2 protein chains.
Amino acid sequence: MIEDRYRVQSVGRALDILEKIAVAGKGGARLTDLAQEVGITKAAAYGTLLTLKARGIVTDVGEGLGKRYRLGLALVRLGDLALSGTGIADVAMPVLRQLTQTTGITSRVAIWDEDAAVVVGRADAPDAIRLDSALGRRERPHCSAVGKIFLAAMPRSEALELLERIGTPTRTPKTLSTLPALDAALDTVVAKHYAIDDEEDHEGVICIAAGVFGHNGATVGAISVTTLKQLLPNAAVPALAQTLIDHANRISLALGGLPAQTGWRARA
Amino acid sequence: MIEDRYRVQSVGRALDILEKIAVAGKGGARLTDLAQEVGITKAAAYGTLLTLKARGIVTDVGEGLGKRYRLGLALVRLGDLALSGTGIADVAMPVLRQLTQTTGITSRVAIWDEDAAVVVGRADAPDAIRLDSALGRRERPHCSAVGKIFLAAMPRSEALELLERIGTPTRTPKTLSTLPALDAALDTVVAKHYAIDDEEDHEGVICIAAGVFGHNGATVGAISVTTLKQLLPNAAVPALAQTLIDHANRISLALGGLPAQTGWRARA
DNA sequence: AACGCTGTTTTGTAATATTAAACAATAGCT
DNA sequence: AGCTATTGTTTAATATTACAAAACAGCGTT
């Protein structure tokens, strides 16, 4: 068990500061604001920022008054290394780009990590409305297409237990928030080999996802397409889903894995 | 001036640990090794790792004995946010991919940061030998093509002063290590609008780079192509350089900036 | 079966990070 | 212009905090 007493406080505070800088975005964050938001003294935050700056984790822009702190380029390297450790991001990217090029729809890859589907790759459609497709985004399992893929792939009892543990908050009127409803939805995923998020997380936004399978049949990832509901007629969904499955299979193949047909068999 | 006394030690050690995990690569690093390499006790390293793990900065794979620590997915988000803060990475990527597709050569984008050219984007040639093109890599100014672009763009006195301050270590027999030689090389860059690293950093590897200019004529970035020397005849260099300059201009244009012709004028 | 190696936990202590307050310097306002 | 309100930067002193050393438990190997 992880006891709080073993954790080092200063490092936790440093990460708090880093998070605040991250959400501050391109404008950057000011020292006084950071200290207040994190709940420590200016001096403490200052020392921490000095340390982070010396390693390139943060950068400061401006001089003297109104100086702003932004995320540093050292994080670029660490993030890239973390990505390459996933084993699927690099392989999936070319396939994703082709998928987006042929369909004109933004596509993404996600892997499972700590009770969430984490986006580790994306191919943005050039002319599409820029939806929030930030890398590293953690998608809720119960109201995201990629999340449902992972849920459907695990033993059902385990999936329901997980959902009960982390909760199924209502995000929109169409969010499936009850366990029986989600149980049935997962049955559909297993039967059809793809998952849908039909305005269950964001109003007006629809997602379709398909699974990527490794050499032992394990679900190592999921790819998805995301677009506005009004741009995708219901009748067009099956065809798009099949295209998605085909591309997912190409990734599985490149990883030395199994196609979807085989991958889902065990769960049916 | 930054005094060491203001820096927080624990955070520095946490970053040391993170760096060791980063260089350990996909295999991961073990607790005992990390503690020894960083020079602290197992218990201290353990507490730090617990803190980092709770935030997703690191992940542990395996159970009990031989447990390994790897970079966590929280770094993916932070790295992506740091990238989007550069303002050029996103814009340059499509152009880079097209450049690589037409030439078959790996291409990259770099920006200037803290006395080095930092790679913030890459488009790997599919069939090329995988050269070390990791994101976040800091290229030495005096023996890299992108580095010379930035050096040539700044006032010459400042460039030479910088080189003297950070040193010009010899990497290969062809490395330009003397200030007069580098001074002359920068003259060539300004005259020809592109820079070359001809086996000056790695034997057998040649790079060509061109500058990207912002709306006020400032050098906001540099793009480059990297390939094996034996694959690129000397006679083919000028044409490739021109292609590179054309693509760099497209990026400058997309940023609302000036073309190379105008960008270099002030330095001539 | 005993050893050698893990990762985990404990406790005391001293170094450490923190707070609080004072400082310098800028920008805005009357 | 002068005053005020904030900013980022230092300082010095305290007690909290992170650390080292050692003991513990679990697995693999000899």
Side-chain angles (χ1 to χ4, degrees), chain A residues 1-21 24-25 27-72 114, chain B residues 1-21 24-25 27-72 114:
Chain A
M1 196 54 182
I2 300 177
E3 302 264 348
D4 276 11
R5 112 170 60 141
Y6 299 137
R7 299 216 275 239
V8 10
Q9 197 176 62
S10 329
V11 176
R13 290 213 241 252
L15 296 177
D16 286 339
I17 292 178
L18 206 59
E19 175 61 25
K20 297 295 183 187
I21 296 178
R30 300 186 317 166
L31 169 62
T32 306
D33 296 337
L34 285 174
Q36 187 176 4
E37 290 173 23
V38 174
I40 57 178
T41 321
K42 277 192 302 180
Y46 184 66
T48 303
L49 284 169
L50 241 51
T51 311
L52 293 174
K53 194 181 106 176
R55 310 300 192 91
I57 303 294
V58 305
T59 320
D60 52 355
V61 48
E63 194 105 6
L65 216 121
K67 184 187 237 180
R68 294 215 136 83
Y69 291 91
R70 290 202 279 127
L71 296 181
E114 299 277 343
Chain B
M1 196 53 185
I2 301 177
E3 301 265 350
D4 276 10
R5 110 168 64 139
Y6 298 138
R7 298 214 269 236
V8 10
Q9 196 177 60
S10 329
V11 176
R13 291 213 240 253
L15 295 177
D16 285 339
I17 292 178
L18 207 58
E19 175 61 26
K20 296 296 181 186
I21 295 178
R30 301 187 316 166
L31 170 62
T32 306
D33 296 337
L34 285 173
Q36 187 175 4
E37 289 174 23
V38 174
I40 57 179
T41 320
K42 277 193 300 180
Y46 184 67
T48 303
L49 284 169
L50 241 51
T51 311
L52 294 174
K53 194 180 105 178
R55 309 301 192 93
I57 303 294
V58 305
T59 319
D60 52 355
V61 47
E63 194 104 7
L65 216 123
K67 185 186 234 180
R68 293 214 136 82
Y69 291 91
R70 290 201 280 128
L71 297 180
E114 297 278 344

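Since the model is a prediction, treat every value here as computed from it, not as a measurement. Just so it is clear, the values below take in all heavy atoms, side chains as well, and ignore hydrogens, waters and symmetry mates. Letters A, B, ... are given to chains in the order of the sequence lines, protein chains preceding strands, and every chain is numbered from 1.
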(request) Report the distance from atom OH of A:Tyr46 to atom P of C:dC23, rounded to the nearest whole Å. (result) 18 Å
(message) Looking at every non-hydrogen atom in both residues, tell me the closest pair between A:Lys20 and A:Leu34 and how far apart they are.
(response) CB-CD2, 3.5 Å
(message) Tell me the interatomic distance from B:Arg30, atom CZ, to D:dG28, atom P, rounded to whole angstroms.
(response) 14 Å
(request) Classify every nucleotide of nucleotides 16-23 of chain D by which part a protein heavy atom approaches to under 4.0 Å, writing B for the base, S for the sugar-phosphate alone and - for neither, in 5'-to-3' order. (result) -SSSBB--
(message) Strictly distance-based, threshold 3.5 Å: is any side-chain N or O of B:Thr51 a donor or acceptor partner for the main-chain N or O of A:Val11?
(response) no
(request) Could you tell me the separation between the CG atom of A:Asp60 and the CG atom of A:Leu49, rounded to the nearest 0.5 Å? (result) 9.0 Å
(request) Take the protein atom CG of A:Leu49 and the nucleotide atom C1' of D:dT10, then report the distance between them rounded to whole Å. (result) 16 Å
(request) For residues 8-18 of chain B, pull every pair meeting salt bridge (charged side-chain N to carboxylate O under 4.0 Å, His left out), keeping only residues two or more places apart or in separate chains. (result) A:Arg55-B:Asp16
(request) To the nearest Å, give me how far apart CD (B:Gln36) and C1' (C:dG7) are. (result) 16 Å
(request) List in chain and number order the residues that pass side chain to side chain donor-acceptor pair (under 3.5 Å) with A:Glu114, two or more places apart in sequence or in another chain; answer none if no residue qualifies. (result) none
(request) Quick one: pull up CG in A:Leu71 and CG in A:Leu18 and give me the separation to the nearest 0.5 Å. (result) 6.0 Å
(request) Provide, to the nearest angstrom, the distance between the OH atom belonging to B:Tyr69 and the P atom belonging to C:dT6. (result) 14 Å
(request) Tell me, please, which residues at least two apart from B:Ala45 pass side chain to side chain contact (heavy atoms under 4.5 Å, CB included). (result) B:Ile17, B:Leu31, B:Ala35, B:Ile40
(message) Roughly what angle, to 10°, lies between the helix axis at the start of the helix from C:dA1-D:dT30 to C:dC23-D:dG8 and the one at its end, five pairs per end?
(response) 40°
(message) Per the side chain to side chain donor-acceptor pair (under 3.5 Å) rule, what does the pair list look like for residues 33-44 of chain A, sequence neighbours excluded?
(response) A:Arg30-A:Asp33
(request) Return the value, rounded to whole Å, for the distance between atom NZ of A:Lys67 and atom P of C:dT26. (result) 13 Å
